[in-house]
Structure formats: structure tokens, C-alpha cells
Colleague: 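Got a structure for you, questions after.
These numbers were taken from a predicted model, which means no experiment stands behind them.
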Amino acid sequence: MIEKKYKRLKEKVITETLSNGLKVVMIPKKSYHKTFAVITTPFGALDQRFQINNDTPVDIPAGTAHFLEHKLFEKEKSDAFTRFGELGADANAFTNAYQTSYLFSTTQNLNLALIHLLDFVQTPYFSDKTIAKEQGIIGQEIQMYDDDPNWSIYMGLMGLMYPSAPLSEDIAGTKESILKITPALLYDIHRAFYQSDQLTLQIVGNFGPDEILRIVRDNQTTKTLEKVNVKTFQAPINQPKIIQETKKFDVSRPKIGFGIRLPTNARTGKEATKFVLAADILSDILFGEQTDWYQNLYNKGIIDTEFETSFDLLRNYQFITFFAETTEYESLTVAISNQLAEYKKNLDGKELVFESLRRATLGEGIQRLNSLESIALRGDDVLFGTNLFDKIMLLQDLTYNDILDTAEELYKNAKLQRFVLQK
């Protein structure tokens with residue numbers, strides 16, 4: 001076992017990689033009654049083509065990662081949720097662009113719940129009948145997303161910035177794409193992306209690391225898990241062809257999304273996490289509620305509390321987004337463009353503002369240390385291999401020069417795209 005101590009935070013992380021490749025990450029918290037466990041594969045909606053060994057490459061229909069997440073809970077004669085309930089554990093799962101995770105929290109029967117988590121994730125069961133049933137259920141879910149203006153504005157903006165790229169496709173897929181999903185396809189994907197050396201098991205809470213490791217090791221020795229070589233194919237990221245687009249939608253007021261598409265990301269590890277932290281604080285300095293820029297637009301009725309902005313770095317994709325609900329979107333377009341064009345001037349003399357925001361962000365991060373779920377899920381573990389403790393340490397050492405360097409990279413050649421939903 002490898003133990004990493006974060007002395008300033010009085011925390012430690014214990015890791016062990018088993019002989020079959022399963023990575024186990026343990027964060028003991030003896031003062032807690034509850035324990036939280038999550039097992040994750042770095043397989044998500046962005047993965048659309050793969051190859052096992054030297055077999056023919058396989059295309060993955062949009063929505064398959066999310067579909068598989070749902071189906072993995074259902075077994076031939078049981079449902080994984082039912083067993084968690086019998087053990088007194090709360091279970092859940094989620095899929096995003098770059099990962100699929102299965103999790104539970106409990107104050108009792110930890111060992112049995114942990115074994116059950118490993119068993120149901122590593123032992124798939126798919127059939128034509130259950131696939132057909134799920135296609136109907138997820139088809140209804142897709143329709144709900146299609147009717148949601150907030151989701152529609154986001155996906156519309158992604159389609160504008162990244163035409164025909166995986167990021168522009170709904171995580172749930174389309175009614176047409178999920179009809180291409182078969183049991184054979186799901187078994188192949190599970191064989192490729194759910195093999196032991198693709199999985200990370202993280203446990204946070206009240207437990208003994210030696211006992212947990214013994215339980216996991218014993219569980220893995222009972223399984224005959226095939227080892228295969230997996231090659232993934234990166235989908236091309238096409239250049240945008242349209243700067244702005246308007247779509248008719250049943251909304252009471254227009255919804256607007258602005259995007260800045262940035263060059264393909266090459267950062268990894270702590271460097272990437274630090275860049276995201278700096279970009280988030282930079283966004284608050286220029287566009288946050290405390291700024292004169294925000295307050296001026298708010299007082300004029302150009303924006304309201306629905307206005308938000310963020311920076312995202314998802315594998316090779318990195319981009320900035322702004323979302324608002326307003327009839328004055330032409331004025332808002334000019335205001336955002338001007339703020340971006342004058343970013344150097346607008347950042348001049350903002351050291352105290354930076355320090356205030358850095359401390360506030362740091363305080364939020366430290367507060368999250370009281371949440372087992374936040375410790376397990378609020379890091380950049382899958383994307384960059386950094387946990388919540390790493391993020392807090394990086395925040396403590398962040399400087400205003402880091403902010404200025406980040407601004408130069410994000411805003412120097414910024415080109416604003418716009419997507420509008422209106423009646």
C-alpha cells in the first residue's frame with residue numbers, strides 16, 4: 001500500500017493496485033459513522049469507437065455509456081438496487097462525458113455492500129428483452145430532455161461550437177441511436193472498459209484499510225476476468241461553420257448561450273487542475289456578481305440572476321460558456337464582447353479581488369472536506385488524477401500572476417459564438 005499524507009489538511013490517501021489491475025483508493029475518516037464507496041470506469045459519452053485486441057473496430061452509438069449504466073443494475077433474476085436496499089445502503093450511478101460511476105453510502109453492512117458493488121459491476125447480464133424495455137424507458141427520458149429549454153440551449157451551443165463531434169451529442173443519445181444498441185455490443189463494451197485495470201474503487205469513511213483491502217482482494221480472486229488490449233479512437237473535432245444561430249422554442253423569454261471554443265487541450269495532471277481553478281476565479285473577477293460589469297447590466301434589466309458563466313476542460317475539449325435569459329441579448333452580446341476585448345484593462349489592479357475570491361473558493365473546498373461524497377466525487381480523479389485534497393493545496397498556492405497568464409491564454413484571441421432559443 002502507498003500512503004500519501006496531506007499534512008496541512010491532516011488527511012491521508014492510501015492506494016493499492018491489485019494484481020489484476022484494479023486500483024483501490026482508501027481515505028479513512030474514523031470520526032464518521034457513514035462510509036461512501038464509488039467504482040468508476042473512464043468510459044463515457046465521448047467514447048464512440050474502440051477495438052479489442054486486433055478485432056474489427058466497433059462504433060458506439062450515442063447514448064450507449066448511459067444506457068449500459070442503467071442496464072448493469074438489472075440481472076437475470078434480480079435488481080442490484082434491491083440488494084443494496086436490503087443491506088441498508090443507498091445506491092446510485094451516473095454517466096458524464098468521460099466516466100461512468102456506481103456508488104453507495106451506508107452506516108451498516110459495509111463489507112457486504114462493497115462485495116455487492118464489485119459483483120454487480122463486474123458481472124453483466126444483457127438480453128434482447130431487457131434491452132428493448134430499456135430503449136422505451138430511455139426514449140421517454142430523451143423526450144423529456146428535448147422539451148427542457150435549459151438542456152436544449154446547452155446542447156445547441158455545443159453543436160454550434162463542435163459540429164458533429166461527440167460533445168455535441170446528448171449523453172442519453174437519440175431515439176434513433178439507442179435502437180442500435182444490442183446485448184452483443186454491451187458485452188463487448190463491458191469486456192473492454194469494465195475490465196479490472198480500467199476500474200478504480202474509492203472508499204471514504206469509517207473503515208479499516210487492511211480489512212477493506214482483504215475483502216476486495218478475496219472478492220477479485222473468485223472472478224475469472226479476461227484481460228484484453230483496448231484501443232480507442234479519437235473522433236475528429238471539426239471547425240465551426242456558423243457563428244450564431246436562432247432556434248424556435250416554447251419559452252416565455254429568450255434563452256441565450258454564448259461560447260468561446262479554445263484550442264485542443266494538452267494539459268494533464270495537476271497542471272490541468274490548476275488551470276481550471278485559475279480559469280474559474282478569472283471568470284468571477286470579470287463576470288461575477290460582485291463586479292461593476294454585472295451590476296450595471298443587472299440594474300438595466302439586461303441580465304438577471306439566471307446569468308452564469310463557466311470554463312470546462314473535458315479531455316481534448318476546452319471552452320468557455322455564458323448563459324442568460326433576456327430579451328436584450330443584442331446588448332448582452334456587445335457587453336460580453338467588450339469585456340473580453342478589454343480583459344487586460346479590466347484585470348488591472350484586481351489583486352485584492354483575486355485574493356478575496358481565492359480565499360472564498362478555498363473556504364468552500366475546505367468545507368467540502370466534511371462531506372464524504374464531495375471527497376470522493378469533487379476531485380479531478382478521472383480526468384487528471386487529482387483529488388479534492390490536491391485541488392485545495394493548489395488553491396492555497398495560486399497567485400495573481402497565474403490568473404494573468406490564464407487570461408492571456410483564454411481571451412487573447414477569443415471568438416464569441418451565440419445560440420438563441422426564442423418563440
Colleague: Among Phe84, Phe73, Phe120, exactly one meets ring-ring contact (aromatic ring centres under 6.0 Å, His included) together with Phe104. Which residue is that?
Modeller: Phe84

Colleague: Rounded to the nearest 0.5 Å, how far does CG of Leu72 lie from CD of Gln122?
Modeller: 10.0 Å

Colleague: May I have the step-by-step check of side-chain contact (heavy atoms from CB on, under 4.5 Å) for Leu46 and Tyr317, ending in yes or no?
Modeller: CA-CA 10 Å; Leu46 294 181; Tyr317 301 87; 3.9 Å; yes

Colleague: If we ignore angles and hydrogens, is there a donor and acceptor under 3.5 Å between the side chains of Asp55 and Gln51?
Modeller: no

Colleague: Among Trp293, Tyr298, Tyr329, find the one that has a ring-ring contact (aromatic ring centres under 6.0 Å, His included) with Phe307.
Modeller: Trp293

Colleague: Which heavy atom of Ile392 sits nearest a heavy atom of Ile366, and at what distance?
Modeller: CD1-N, 3.9 Å

Colleague: How long is the gap from NZ on Lys4 to NZ on Lys12, to the nearest 0.5 Å?
Modeller: 15.0 Å

Colleague: I'd like to check the side-chain hydrogen bond (donor to acceptor under 3.5 Å, both in side chains) partners of Asn150; sequence neighbours left out, ordered by chain and number.
Modeller: Lys255

Colleague: Quick check on Lys270: does its NZ atom have over 12 non-hydrogen neighbours (other residues, nucleotides or ligands) under 6.0 Å away?
Modeller: no

Colleague: Charged N to carboxylate O under 4.0 angstrom, Lys34 versus Asp90?
Modeller: no

Colleague: Is Phe193 close to Thr100 at the side-chain level, that is, under 4.5 Å between some pair of heavy atoms?
Modeller: no

Colleague: Give a yes or no on whether Arg49 atom CZ has more than 12 heavy-atom contacts from other residues, nucleotides or ligands under 6.0 Å away.
Modeller: yes

Colleague: Between Asp304 and Arg253, is the closest basic N to carboxylate O distance under 4.0 Å?
Modeller: yes

Colleague: Taking C-beta and beyond as the side chain, do Glu325 and Val251 meet within less than 4.5 Å on heavy atoms?
Modeller: no

Colleague: Around Lys227, counting heavy atoms of other residues, nucleotides and ligands shown, do more than 12 lie under 6.0 Å from its NZ?
Modeller: yes

Colleague: Can you confirm whether more than 12 heavy atoms, excluding those of Tyr187, are under 6.0 Å from its OH atom?
Modeller: yes

Colleague: Measure the spacing between OG1 of Thr321 and CD of Gln417 and express it to the nearest 0.5 Å.
Modeller: 12.5 Å

Colleague: Looking at Lys241, I want to see if its NZ is surrounded by more than 12 non-hydrogen atoms of other residues, nucleotides or ligands under 6.0 Å.
Modeller: no

Colleague: Within a 6.0 Å radius of atom NZ on Lys180, are there more than 12 heavy atoms belonging to other residues, nucleotides or ligands?
Modeller: no

Colleague: If you count every heavy atom of other residues, nucleotides or ligands that lies below 6.0 Å from Lys274 atom NZ, does the total exceed 12?
Modeller: no

Colleague: Counting C-beta onward and ignoring hydrogens, is there a side-chain heavy-atom pair between Leu225 and Asn20 closer than 4.5 Å?
Modeller: yes

Colleague: Calculate, to the nearest 0.5 Å, the distance between atoms CE and CD1 belonging to Met161 and Ile242 respectively.
Modeller: 13.5 Å

Colleague: Is any side-chain N of the basic residue among Asp146 and Lys175 closer than 4.0 Å to the acidic one's carboxylate O?
Modeller: no

Colleague: Provide the full list of ring pair (Phe, Tyr, Trp, His ring centres under 6.0 Å) pairs with a residue in residues 234-276, sequence neighbours left out, each pair given once.
Modeller: Phe275-Phe311

Colleague: Which value, rounded to the nearest 0.5 Å, describes the distance between Thr327 atom OG1 and Leu332 atom CG?
Modeller: 10.5 Å

Colleague: Passes side-chain contact (heavy atoms from CB on, under 4.5 Å), Tyr102 versus Glu69? Steps please.
Modeller: CA-CA 8 Å; Tyr102 305 84; Glu69 172 220 312; 3.8 Å; yes

Colleague: Do NZ/NE/NH1/NH2 and the carboxylate oxygens of Asp218 and Arg214 come within less than 4.0 Å?
Modeller: yes

Colleague: Got more than 12 heavy atoms from elsewhere within 6.0 Å of CZ, Arg368?
Modeller: yes

Colleague: With rounding to the nearest 0.5 angstrom, report the CD1 to CD distance, Ile39 to Gln202.
Modeller: 11.5 Å

Colleague: What do the steps show when you test Gln48 against Glu169 for side-chain contact (heavy atoms from CB on, under 4.5 Å), and what is the final call?
Modeller: CA-CA 11 Å; Gln48 294 198 338; Glu169 298 181 329; 2.5 Å; yes

Colleague: Hey, are Arg83 and Glu86 close enough for a salt bridge, meaning a charged N less than 4.0 Å from a carboxylate O?
Modeller: yes

Colleague: Could you tell me whether the side chains of Ser101 and Gln99 share a donor-acceptor contact shorter than 3.5 Å?
Modeller: yes

Colleague: So do Phe94 and Leu377 actually touch side chain to side chain, heavy atoms under 4.5 Å?
Modeller: yes

Colleague: side-chain contact (heavy atoms from CB on, under 4.5 Å) between Thr291 and Gln339: does it pass, once the steps are laid out?
Modeller: CA-CA 11 Å; Thr291 63; Gln339 190 75 342; 5.7 Å; no

